[in-house]
Amino acid sequence: MFAHQKSQANRDVGEKNTVKFAIIVNEGPYTHQASDTAYQFARATLAKGHEIVRVFFYHDGVNNGTKLAVPPQDDRHIPNNWAQLGKDNNLDLVLCIAAAQRRGILDEKEAKRQGKETDNVIDGFRISGLGQLIEAGIQADRTITFGD
Amino acid sequence: MSEDMQEEAEGTVKKFMYVNRKAPYGTIYALEALEVVLIGAAFDQDVSLAFIDDGVFQLSNGQNTTDIGIKNFSPAFGALGDYDVSKLYVEKESMDERGLALDDLMELTWEDEDDDWEEKPSIHLVSREEMKTILGNQDVILSF
Amino acid sequence: MSILHTVNKSPFQKNDLESCLAHVNSNDAVLLIEDGVYGAISGTRFSVLTSSSDADIYCLKADLDARGIDPDKLTDGVKLIDYDGFVDLVAQNDAVNSWL
């Protein structure tokens, strides 16, 4: 009853050299290691010549996209590191809009719409809907989640 | 055109599994997982949900959140059937370990279009062995 | 058909490792990352679980090093990998199940 047939999309991957990854980050910076691990994983993925179709930030993960973080100088700057990695590799870094609005992460357009005096999304990230997570899962050969 | 190419042209259908292992309210994961399921239902994928460990508590009936000041999201599980999400696999061992029986869970149903819209239960109690097999046959596994 | 399972919590604190190992199929792989690497230490009540699992057990060296765990102290059969190996594991298996 449960012996389902795998879809063709996944079976073909073993024969290809380049794999398309979707990465989901469910925790914010600094409290959990999840974002650091995801970042190291993303770097290793790109270094091996694979493709990252999207990095989707959900739950507290949306806090990785703030431009207002000011960590001590001897510490890593997690939001900046993601933004830089995105810029260098043309990555699609997406913050979930529902999760972001709950947690006070707003891009310029949304801040205006909500009548807030400031926006706080770092350049290189964009805010979009949960459908982007599902779409990434469909498009990628492999989806991996980092969280707590 | 080959069958594979036709399938590609019509869009890929993948097996999406949402794994729920956390209780509701103590953390937001259960609620935000359900939000993904509801949005994801629009994508016409082969969707199923697994409830393992404390995840089974998400389906408890009689949830009343009035005095904690957090919205009771359990009624939203009742809407899953309307979105053709009808495969909610609940692990029997996880239920037993927590002193739960099927009666303790919400009654969730869906209407089977291919069977004269007959109302059928969405919750499927499965053994850990069956759950292993189900988990082993997925294309995308999402855990929150 | 194989799944890569990742475990990122200490088994002394959470049941993720135990639950994961109870749900792996024989051709699956398990990778311990972050605090999950504490589950790879030999001579604990979890070393029996990991050593008797049908699945291959891997441990991310970066997380082991960070926590000052001597690789000699790992349960027999646990394989050490770096981030490159992590990426390969994800690519080689059909899907990833993160035990969060």
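Every chain is numbered from 1, with letters handed out A, B, ... down the list of sequences.
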If you look only at distance, which donor and acceptor atoms sit under 3.5 Å apart when one is on a side chain in residues 37-45 of chain A and the other is two or more places apart or in another chain?
from     : atom 1 : to       : atom 2 : distance (Å)
Thr37(A) : OG1    : Gln33(A) : O      : 3.2
Thr37(A) : OG1    : Glu34(C) : OE2    : 2.5
Thr45(A) : OG1    : Phe41(A) : O      : 2.7

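- Every residue two or more places apart in sequence or in another chain was checked for a ring-ring contact (aromatic ring centres under 6.0 Å, His included) with Phe57(B), and none qualifies.
- For Glu111(B), the CD atom is densely surrounded, since the number of other residues' heavy atoms within 6.0 Å is greater than 12.
- With a 4.5 angstrom heavy-atom cutoff, Ile144(A) does not touch chain B via any of its atoms.
- Atoms CG and CG, on Leu38(B) and Leu130(A) in that order, are 10.0 Å from each other to the nearest 0.5 Å.
- For chain A, the nearby part of Leu31(B) is the side chain; its heavy atoms alone come within less than 4.5 Å.
- Neither the backbone nor the side chain of Ala22(A) comes within less than 4.5 Å of any heavy atom in chain B.
- At least one side-chain heavy atom of Leu133(A) sits under 4.5 Å from a side-chain heavy atom of Leu142(B).
- Nearest heavy atoms, Phe43(B) versus Ile138(A): CD2-CD1, 3.9 Å.
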Mind running side-chain contact (heavy atoms from CB on, under 4.5 Å) on Thr27(B) and His59(A) for me, showing each step along the way?
CA-CA 10 Å; Thr27(B) 57; His59(A) 303 290; over 6 Å; no
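- If you measure heavy-atom distances from Phe16(B) to chain A, the contacts under 4.5 Å come from the side chain alone.
- More than 12 non-hydrogen atoms from other residues, nucleotides or ligands lie less than 6.0 angstrom from NZ of Lys120(B).
- Contacts between Gln132(A) and chain B at a heavy-atom distance below 4.5 Å are absent for every atom of the residue.
- The neighbour count for Lys48(A) NZ, taken as heavy atoms of other residues, nucleotides or ligands under 6.0 Å away, is above 12.
- Within a 6.0 Å sphere centred on CG of Asp123(A), other residues, nucleotides and ligands contribute 12 heavy atoms or fewer.
- For the pair Tyr58(A) (side chain) and Phe144(B) (backbone), a donor-acceptor distance under 3.5 Å is absent.
- Closest approach of Asp148(A) and Lys22(B) over heavy atoms only: O-NZ, 2.8 Å.
- Counting heavy-atom neighbours within 6.0 Å of Glu51(A) CD, excluding the residue itself, gives a total above 12.
- Counting non-hydrogen atoms of other residues, nucleotides and ligands closer than 6.0 Å to CD of Glu107(B) gives a total of 12 or fewer.
- Of the two parts of Glu35(B), the backbone and the side chain both hold a non-hydrogen atom closer than 4.5 Å to a non-hydrogen atom of chain A.
- Using a 4.5 Å cut-off on side-chain heavy atoms (C-beta onward), Glu32(B) and Asn26(A) make no contact.
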